[in-house]
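Working notes for the structure below.
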Amino acid sequence: MYTALYRTQRPEVFSEVIGQDHIVRILKNQINTGTVSHAYLFCGTRGTGKTTTARILAKAVNCLETEGDEVPCGHCANCMAIKEGIFMDVIEIDAASNNGVENIRELRESVKYPPAVGRKKVYIIDEVHMLSTGAYNALLKTLEEPPENVMFILATTDPQKLPQTILSRCMRLDFKRVPERVLIDHMAAICRDKGINISDGALRLLAANADGSVRDGLSILDQCLAGGDKELDRDTVLEFLGTVSEEFFIELTDRVSLHDVAGALLAVDRALSEGKDVKQLMKDWMSHYRSLLITKYIKHAEDMLNMSSENIEKLRKQSEQISLDEINDAILTLSKTINDARYSSQPRVLLELAIVMIAEGLSAAGPTTAGSQSSKSSVQRKVPVAAARTSPANAASAPSGKAAVVQTSAPAKKEQAEPQYDLDEIWARVFEMGEHIKGSFNLIRAGASLAGINDAEFKVIASNDIIRSHVESNRQHICDIMEQIVGKRLKMVCRSQTQTGTDDDGSFDNLAKEVEEKLNLGVTVRVE
């Protein structure tokens, strides 16, 4: 049966471990000086060598050839038995599936017996953060004072989930993400041994997608080698990864920058019809915007971005045509989309929505225009429609377009505070509660905002007439959901941004009248 590449290339001695020189140096020194700890905690992200190093350490304390320069030797009887998983004194426990108190009680009983073959009995507990609270408590005393010939090695990707009582009883060693340059050299050596001719661009792409994990990098390389090709280039690796070339993202970014929504959506449709992975597209597109940000400020970005000089030059030309605000909004929108896609059964819809938002200049929080800033004070947003009731400084204003200026002629008197609403939070809840209604419902969230709520109605501002028509067509659903949130039936008033400068319904006059009645002020409303 074929053995996966990450298993055949697993290090068997300390000298083969890559990217963790600081940990190898500590462990080798402890073995040479006879100061090996009774309990270790190996922490780090997936695929960085925690379990592999634990097995090598178990070999080192049980190796039969102690006179050589290299300990463990990797070829004595004990080392070979540990490699094959048949050594009686090395016990590996998966805490994810053996996390109960009864499992730890069995461990405590077995600890009492001396090693059957080796010098030390080694317990390797993987994913130790999955143990239950009772199991932690059962393990504490044994972990603190184990028998002289017993060693514990705990491995976890989430050390913050471990209780302090466990952390204080172990020697903690943190495994780092392996640098891309080290991964590139390692995979290049493997390809040479297998007679595979792989390009530098393909190696850089593999290392970038491994994200510091040796196992992930070797798994992707194994997938590429499974095709039987003796020549691997960047395009071949892109095909196996399910993503597209840099030229695609340059074209896509150009289209959204020029507000060509249709062209951008069709480009994504072509990529997905070719079998590309939608979530991978999101991640790579956000990486593209990050590359634009880097090339905007760094003159020689080839090494930092792991790209050819030709692609760097293309990125630099595009970054000169795109403003920093556009890059910022795109990264924030894609970051939120990637996070939402983790829990969505329709990630493609989220990507298409993100394209519309970026192309139309909408931030992830709501509509913005060239004449209005999306970063308004949260204090100003967390007020009802009649914001001027509480303070002249927080005079009511439309989210964008023309603003209503409220002028007062006397200081405000203290009145009983009216209910305060977090408009952004309420608007977000409307779509959380109504996302199952239909696919186009979320278009309203991207292109409209909740401007205010009073005792009788709530006001919605749409970025354009198309969004306004969507809001009106979903009036019944929105009113029903708002009733559930605020506890009473309210009328919905929907205006587009092009209409906010007029006062056909007399809303500004009504606002002035309310301010006069509540605060005893002489109020003049001027529309600019």
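Residues satisfying the side chain to side chain contact (heavy atoms under 4.5 Å, CB included) test with R215, not counting sequence neighbours, are Y6, R46, S213, S219.
Remark: the backbone N or O of A116 is paired with a side-chain donor or acceptor of D89 at under 3.5 angstrom. Under the 3.5 Å distance criterion, the side-chain polar atoms of W427 are matched with a main-chain donor or acceptor of A448. Counting only distance, with no hydrogens or angles, the side chain of K50 and the backbone of T45 share a donor-acceptor pair below 3.5 Å. Using modelled atom types, no side-chain atom of D158 and backbone atom of K161 make a donor-acceptor pair closer than 3.5 Å.
Rounded to the nearest 0.5 Å, atoms CZ (R177) and CD (Q20) are 11.5 Å apart.
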Side chain to side chain donor-acceptor pair (under 3.5 Å) assessment of D340 paired with T337: CA-CA 5 Å; D340 292 345; T337 303; 5.8 Å; no

Verdict with supporting geometry, Y40 and F152, ring pair (Phe, Tyr, Trp, His ring centres under 6.0 Å): CA-CA 6 Å; Y40 290 90; F152 286 96; over 10 Å; no

D222 vs Y2, side chain to side chain donor-acceptor pair (under 3.5 Å): CA-CA, chis, key distance, verdict: CA-CA 11 Å; D222 203 7; Y2 176 74; 2.7 Å; yes

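For residues 267-276, the pairs satisfying side-chain hydrogen bond (donor to acceptor under 3.5 Å, both in side chains) are D269-R348, with sequence neighbours left out.
When every heavy atom of E16 is checked against every heavy atom of R10, the shortest pair comes out as OE1-O, 4.3 Å. The minimum heavy-atom distance between Y123 and V111, with the atom names listed, is OH-N, 3.5 Å.
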